[in-house]
Every structure is written in C-alpha cells, then in structure tokens.
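We count residues from 1, following the sequence as given.
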Amino acid sequence: MALLLFEMEHDMQHPVVADLLPPGPDPRAPERGEQPASDAAVGVSTPLNVAGSLSALALAACGGGNDDGNPAEAQSVDGNASRESLAAGATRAAAVPTAAQASAFLQQAQFSASDDDIATVIRLGYDGWLKQQFDAPPAPGAWDWLMSNGYNTDVDNKIHSGERGVWQQLIAAPNAVRCRVALALSEIFVVSVNGFNNHSFTSAAYWDLLARNAFGNFRNLLEDVTLSWAMGSYLNTLNNLKSDPATGREPDQNYAREVMQLFTIGLYELNDDGTPRTDSQGRPIETYDQETVRNLAKVFTGWVIDTTGDQTYANPVRVRNPMVMRDARHEMSAASFLGVTVPAGTGGKEALKIALDALFSHANAGPFFARRLIQRLVSSNPSSAYVKRVATAFNRNAQGVRGDLKTVLRAVLLDPEARGTLDSRIPGLRESKLREPMVRFIQWARTFQAFSLKADYAVGDLSSVVTGLGQSPLRSPSVFNFFRPGYVPPGTELALKGMTAPEFQITDQTTVACYINFMEQAVNNRKGGLSSNYAQELPLVHDIDKLLARLNLLLCAGKLSANTLEIIEAAVNAVTLNQPDGAMKRVKTAIFLVMISPEYIVQK
C-alpha cells in the first residue's frame with residue numbers, strides 16, 4: 001500500500017545534467033578530486049520510476065499546478081511582484097496565523113512543530129516567536145556534550161564515536177532554530193569530516209562554530225570558518241607555506257578558490273536580485289580569474305595549529321582553537337584581488353582582514369548568500385524578487401549594519417513568498433522544496449520526542465544508500481555539498497521551466513527505497529538507538545480521522561490531500577486492534593505512511 005504513493009506511469013531516464021553555466025572549460029577547476037565547478041559534470045543515469053513521481057509532485061508544489069489540479073502557466077523567471085501586492089501580503093503575514101500556518105512556519109524555521117510551539121507562534125506571531133528564539137541563551141553545544149559524557153577519556157571511544165555530539169544537538173538540543181540554521185550553514189560553508197581522525201571532536205568543534213555564529217554577523221562567521229582547524233585541514237590553509245623561488249613552490253590555491261566560488265561571491269557578477277550581470281554582448285561577467293586566485297592564495301599562508309591548552313585525549317582543543325599566524329611562513333609579497341591590494345610586507349593577520357573585508361563588502365555577497373539560505377530553509381527555486389528582498393536585508397539592517405544574520409533570517413522566513421501571502425496571481429507564490437532525507441529523520445525524532453536509549457546518540461554515519469539515508473550531517477562527499485544549488489532535474493517539467501531543485505540530485509530509485517526502509521525501522525524504534533513511545537498519538541487509535549489530522553498538522557502543516565489521507569486511512573484501518581500491540585502498530589503505520597508520502601516529502 002505504501003509503495004502506491006510513489007507509483008508513476010512511465011519510467012524516467014536521467015540524461016547528463018545540463019550545465020547552468022556558459023559552455024566551455026573552466027580554468028578555475030578545483031585542485032582536489034572534488035566535483036567540477038559546473039553542474040554539467042554531475043550526471044545520473046539511474047531509472048527513476050520512483051523519484052519521477054516526486055518530480056511531478058514537486059512541480060505541482062512549486063507552481064506547476066493549481067489547487068484544482070489544472071496546469072498552471074509557466075513560472076516567471078524573476079517573479080517580480082507589485083509593491084501594492086507585497087504590502088498586502090506583508091499585512092496578511094502580520095495577522096494571527098492559523099495552526100496550519102504556524103506549523104508550516106515552524107517546519108522552515110526549525111525542524112518540527114509541536115503543540116506548544118504552534119500555540120506559541122499563534123500567541124506571539126511569527127516575528128515575536130523569532131525574537132524569543134533569538135533572545136534565548138545558547139544551550140550547551142556539541143563539544144560540551146562530548147566532554148560531559150566522558151568521550152574525552154576513552155581513546156577508542158573518542159576516535160570512533162562519530163558525530164554523537166552533533167546528533168545530540170540535532171535531535172535533543174532546545175535551541176532548535178539555532179540548530180536548523182547551523183545545519184543550513186554546514187551545507188554552504190562545507191567541511192566534511194570523512195577521513196578525519198578524531199572526527200567526533202572535529203565535527204563538534206565545527207558544528208559549535210556554526211551554531212555560535214547562526215544569529216551573529218556574516219563577517220564574523222566568514223573569519224571563524226576561515227581560521228577553523230577543520231576548514232584549514234579540509235581546504236589546505238593549515239600549514240600552507242609562502243612561495244619558494246628556489247623550488248618553484250607557490251601557495252596552495254584551494255581555499256582561495258573555494259572561498260570565492262562557493263562561500264561568498266560565486267563565479268559571475270550578480271544583480272541585487274541574484275540574476276547574472278552581463279556585458280554588452282549579453283555574456284555573464286566573471287567575478288575573478290586565475291590571477292585573482294593566485295594573488296588571494298598568498299593571504300592564506302602562514303596559518304598553523306594552535307595547541308594552547310591541548311591535552312591529546314583529555315581536552316583536544318587543538319581542533320577547536322582558531323589557527324594562528326606565523327609570519328615567517330607567510331607570503332609577504334604584494335597581492336591584488338577584487339579591487340584591493342595587500343601591500344608588500346603586510347603581516348598575515350592584516351592581510352587576512354583586508355581579504356575577508358573585500359569578500360564581505362563585495363556586491364555579490366548579499367544575493368549570493370541570500371539565495372543559498374532561502375534554498376536550505378524555504379524554497380528550492382526562489383524568485384529573483386525574493387532573493388532581492390533578502391539581499392537587501394543582508395546589505396543593511398535597520399541600524400545600517402551589513403551582514404546581520406538575524407535580519408537576514410527574518411527576511412527569509414517572514415517574506416510574503418515564504419508565508420504564502422502574496423496575491424495568487426503573482427508568479428512564484430507556490431515556492432517549495434524537497435525535504436532532505438536527514439531533515440526528515442530529524443523532524444521525526446523531534447516531533448515524537450525520540451530519545452537515545454543509552455543516552456549516547458550513537459546514530460552514526462547515515463551516508464550509506466543501503467543502510468542509511470544517503471546523507472548525514474557534516475558528511476558531504478565534497479566541498480560542493482550533497483547537491484548543487486543550481487541543479488535542475490533533467491527530463492522533467494521542472495527542467496522545461498528552468499526551475500532549480502537541488503535535492504533531486506540525490507534522489508533516485510535507490511535513495512527513495514533506502515529512505516522508505518530506513519524510516520520503517522526508525523518509526524519502529526529500530527534505528528540509531530532512538531525510541532519514542534508516541535504517547536500523544538496512542539489515545540487516537542480509535543478515531544483514525546483525528547489521528548491523521550494530528551499527523552497532517554504536525555508533519556505536513558495540513559498539506560496532505562484528501563486522496564492521500566484516504567489511502568493512508570485504509571491501510572491504518574487494516575491494522576486490527578485485537579492483535580498484540582495493535583494500537584501501537586496503528587500509530588506507527590500512520591506515521592510511516594505519512595512520512596513516505598510525496599506530499600510530505602515535498603515541503604510547501
């Protein structure tokens with residue numbers, strides 16, 4: 001019965017992904033063995049009879065169909081809305097939200113919606129609730145959890161314990177908004193702990209860095225990321241040496257390239273709305289060239305590990321301390337890039353400040369970051385008008401401060417497009433995204449208050465497409481994240497409309513089946529040592545309509561269709577109550593079927 005929810009009429013075959021960038025080789029390809037700079041190089045050739053149905057449903061959710069099922073007109077690329085319509089939408093957004101609206105908001109702002117959270121959002125309003133979250137004191141982080149639970153005393157446990165501290169944060173930490181934003185940032189400022197020794201404390205340190213900066217300023221975040229041991233090890237700034245004319249050695253260029261391409265400004269100059277600027281012949285204008293990379297690389301030399309306070313196993317702060325400068329190893333020749341010059345003889349700390357200030361103040365920074373954060377939290381295919389409004393918030397808050405992430409988050413989450421309050425005639429209204437597999441799992445854990453039976457949060461690495469989710473926090477296969485922000489599922493109506501849907505890059509027949517199997521085990525408390533007693537759902541087993549209404553609200557913000565509810569209800573009713581644990585089996589069946597339905601997987 002469950003598989004019927006994923007049935008489609010025809011098999012689909014994925015051709016090579018069409019390149020979103022202008023054709024021709026890119027001289028700035030990464031030095032490491034990661035994915036190439038363009039989306040064209042990432043192809044999928046697996047038949048997608050399962051994932052294809054998700055593509056069709058995602059299209060409907062993103063604007064490919066109206067509520068009555070009739071085809072919609074092609075979505076406008078820019079999605080610009082009139083000032084009057086935006087004002088009207090903002091007014092409606094300020095009104096008291098319904099329970100379903102509050103749930104939809106919570107599922108974007110954090111991972112899940114509880115009865116208490118929904119009631120609080122209704123009482124305080126969206127902005128009032130966000131202010132409450134921003135003002136809440138930070139909870140103990142992943143590092144503190146590892147230390148307090150003794151992972152700093154047992155050598156084997158400390159080396160092989162995995163991301164237990166990170167999983168504890170994602171599943172059980174009270175500051176869910178901060179955790180949700182940290183997870184989003186981890187997919188923008190990518191560090192993968194794959195291959196790191198001592199990755200439990202490495203992942204904890206990097207996670208805490210992102211969480212600490214989640215409500216701060218982008219400039220501080222950029223500097224902390226740059227100087228982190230994890231990033232230094234991952235992209236080669238740690239122990240990066242100055243040039244040596246005698247041997248021909250030059251500074252490693254890896255971080256210099258990626259900090260521009262992936263973290264701050266991108267490959268091409270952007271308008272404020274995120275669309276590419278073009279020259280007189282209509283060609284995109286490159287933001288940098290190889291000479292820019294070569295010069296910027298000089299800045300990232302001379303940085304070494306700081307062992308202050310480090311005790312190899314008792315307190316391995318060497319992976320948490322920011323890197324420190326050794327000017328004797330730093331490149332002292334002049335460096336010019338992005339319209340600024342580091343004079344010859346400038347010390348390493350000052351050179352870094354000049355470089356990061358240039359990246360932070362670049363006109364691309366606002367729209368570049370805005371689009372990526374919208375994609376992680378709200379919409380796979382945000383309109384250019386939406387991007388511009390968020391970029392404007394990045395460029396200047398009410399006090400004239402650039403890069404204030406609280407202001408940026410408010411702009412992302414309270415935008416009329418995010419809240420669905422624009423006039424229905426405005427293109428881009430029905431923004432949505434495919435929920436990432438690990439986000440679905442975390443939502444289940446938080447919604448049903450799952451707890452670790454051994455209090456160790458040994459969820460493990462879920463990257464396997466056989467036994468896991470095909471995705472796991474801080475386990476990206478490369479610096480390009482699990483999927484590309486410009487990915488368009490080929491051979492679909494989404495592709496015909498030029499709509500991006502990044503999460504579909506890791507969606508195929510194998511990963512969909514993998515997710516179904518994984519969630520069947522998770523819901524039945526057989527995965528990751530987690531358990532939930534479903535105490536609030538069990539009393540509803542005699543009234544399936546009420547049970548499904550509750551699950552529809554908490555998991556889907558009321559978006560399940562009558563047809564889907566009917567299918568699930570029939571399957572749940574087929575579970576008799578007179579069998580052993582019949583009541584619990586009904587609850588688990590209902591939760592499982594909701595969480596594998598395409599209308600759940602596509603977050604509207």
In chain order, what residues pass the ring pair (Phe, Tyr, Trp, His ring centres under 6.0 Å) check against Phe105, with sequence neighbours excluded? Tyr126, Trp129
Are any non-hydrogen side-chain atoms of Met231 and Phe263 less than 4.5 angstrom apart? yes
Could you walk me through whether Leu409 and Leu373 pass the side-chain contact (heavy atoms from CB on, under 4.5 Å) check? CA-CA 8 Å; Leu409 285 167; Leu373 193 60; 3.9 Å; yes
Nearest heavy-atom contact between Ala109 and Leu413 is CB-CD1, 3.8 Å
Between atom OG1 of Thr307 and atom CZ of Arg318, what is the distance when rounded to the nearest 0.5 Å? 9.5 Å
Sequence-distant partners of Thr237, side-chain contact (heavy atoms from CB on, under 4.5 Å), two or more places apart: Tyr255, Phe300, Met323
List the atom of Pro367, the atom of Ala363, and the distance in Å for their closest heavy-atom pair. CD-O, 3.4 Å
For residues Gln253 and Gln290, is any side-chain donor paired with an opposing acceptor at under 3.5 Å? yes
Between Ser112 and Gln107: side-chain donor-acceptor atoms closer than 3.5 Å: no
Tell me whether Asp289 contacts the main-chain N or O of Thr292 through its side chain, where contact means a donor paired with an acceptor under 3.5 Å. yes
Under the rule for side-chain contact (heavy atoms from CB on, under 4.5 Å), what residues qualify as partners of Asp272, not counting sequence neighbours? Lys388
What is the distance from atom CG of Leu235 to atom CZ of Phe189, rounded to the nearest 0.5 Å? 12.5 Å
Among Trp207, Tyr206, Phe201, find the one that has a ring-ring contact (aromatic ring centres under 6.0 Å, His included) with Trp143. Phe201
Asn397 side-chain N/O to Gly400 backbone N/O, donor-acceptor pair under 3.5 Å: yes
Arg446 side chain near Gln110 side chain, heavy-atom distance below 4.5 Å: no
Kindly say whether Ala142 contributes a backbone atom to a donor-acceptor pair with the side chain of Arg164 at under 3.5 angstrom? no
Please collect all salt bridge (Lys or Arg N to Asp or Glu O under 4.0 Å) contacts where either partner lies in residues 293-302, sequence neighbours excluded, each pair once. Glu291-Arg294
Look at the side chain of Ser233 and the backbone N and O of Ala230, then say whether any donor-acceptor pair between them is shorter than 3.5 Å. no
By salt bridge (Lys or Arg N to Asp or Glu O under 4.0 Å), which residues pair with Asp357, not counting sequence neighbours? Arg219, Lys353
Taking the six-membered ring of Phe369 (Phe, Tyr or Trp), confirm whether the NZ or CZ of Arg371 is under 6.0 Å from its centre and within 45° of its axis. no
Between the side chains of Ser336 and Asn295, does any donor sit under 3.5 Å from an acceptor? no
With the side chain counted from C-beta on, respond yes when Leu338 and Met260 share a heavy-atom pair under 4.5 Å apart, and no when they do not. yes
Under a 3.5 Å distance rule, please check whether Arg257 uses its side chain to pair with a backbone N or O of Val293 as donor and acceptor. no
Is the side chain of Thr407 donor-acceptor paired with the backbone N or O of Gly403 at a distance under 3.5 Å, no angle test? no
As a quick check of understanding, evaluate ring pair (Phe, Tyr, Trp, His ring centres under 6.0 Å) for Phe218 and Phe394, giving each step before the final call. CA-CA 9 Å; Phe218 185 88; Phe394 179 98; 5.3 Å; yes
Side chains of Pro485 and Thr500 in contact at under 4.5 Å (non-hydrogen atoms): no
side-chain contact (heavy atoms from CB on, under 4.5 Å), that's the test. Do Leu221 and Leu405 meet it? Break it down for me. CA-CA 10 Å; Leu221 168 65; Leu405 294 182; 4.3 Å; yes
For residues 400-412, which residue pairs pass the salt bridge (Lys or Arg N to Asp or Glu O under 4.0 Å) check, not counting sequence neighbours? Asp127-Arg410
Test of understanding: with side chain to side chain donor-acceptor pair (under 3.5 Å), list the residues that count as partners of Asp306, not counting sequence neighbours. Thr308
Just jot down the side-chain contact (heavy atoms from CB on, under 4.5 Å) partners of Glu187, sequence neighbours excluded, or say none. Leu183, Arg376, Glu436, Met438, Gln471, Asn481, Phe482, Phe483
Is the shortest side-chain heavy-atom distance between Ile506 and Pro437 below 4.5 Å? yes
Taking Asp279 for the side chain and Ile285 for the main chain, is one N or O donor matched with an acceptor at less than 3.5 Å? no
Pairing residues for Thr301 by the side chain to side chain donor-acceptor pair (under 3.5 Å) criterion, not counting sequence neighbours: His330
Please check: side-chain N/O of Thr264 versus main-chain N/O of Leu359, any donor-acceptor pairing under 3.5 Å? no
I'd like to check Ile171 versus Val459 (side-chain heavy atoms, cut-off strictly below 4.5 Å). Are they in contact? yes
Under the side chain to side chain donor-acceptor pair (under 3.5 Å) test, which residues partner Thr511, sequence neighbours left out? Asp508
So the salt bridge (Lys or Arg N to Asp or Glu O under 4.0 Å) pairs with at least one residue in residues 319-337 (sequence neighbours excluded) are none
Run Leu106 and Phe111 through side-chain contact (heavy atoms from CB on, under 4.5 Å) and show every step you take. CA-CA 7 Å; Leu106 288 162; Phe111 299 101; over 6 Å; no
Flag side-chain contact, heavy atom, 4.5 Å: Arg212 against Asp224: yes
Just by distance, with hydrogens left out, do Arg180 and Gln133 show a side-chain donor and acceptor under 3.5 Å apart? no
Before giving the answer on side-chain contact (heavy atoms from CB on, under 4.5 Å), spell out for Ile354 and Thr341 the whole-Å C-alpha distance, their side-chain angles and the decisive distance to 0.1 Å. CA-CA 8 Å; Ile354 294 171; Thr341 297; over 6 Å; no
Derivation and outcome, salt bridge (Lys or Arg N to Asp or Glu O under 4.0 Å), residues Arg419 and Asp415: CA-CA 6 Å; Arg419 302 277 50 84; Asp415 190 87; over 6 Å; no
Could you state the interatomic distance from CG (Leu352) to CG (Leu227), rounded to the nearest 0.5 Å? 5.5 Å
Ser380 and side-chain hydrogen bond (donor to acceptor under 3.5 Å, both in side chains): which partner among Glu503, Gln375, Lys433? Glu503
Derivation of the ring pair (Phe, Tyr, Trp, His ring centres under 6.0 Å) call for Phe441 and Trp167: CA-CA 11 Å; Phe441 172 59; Trp167 278 120; 5.8 Å; yes
Whether Thr226 side chain and Leu222 backbone form a donor-acceptor pair below 3.5 Å: yes
What do you reckon, is CZ of Arg277 surrounded by more than 12 foreign heavy atoms closer than 6.0 Å? no
Between Val191 and Val479, is there a side-chain heavy-atom distance shorter than 4.5 Å? no
Please enumerate all residues that pass side-chain contact (heavy atoms from CB on, under 4.5 Å) together with Arg475, with sequence neighbours excluded. Glu163, Val193, Asn194, His199, Asp461, Ser463, Ser472
Would a distance-only check, ignoring hydrogens and angles, find a side-chain to backbone donor-acceptor pair under 3.5 Å from Asp273 to Ser384? no
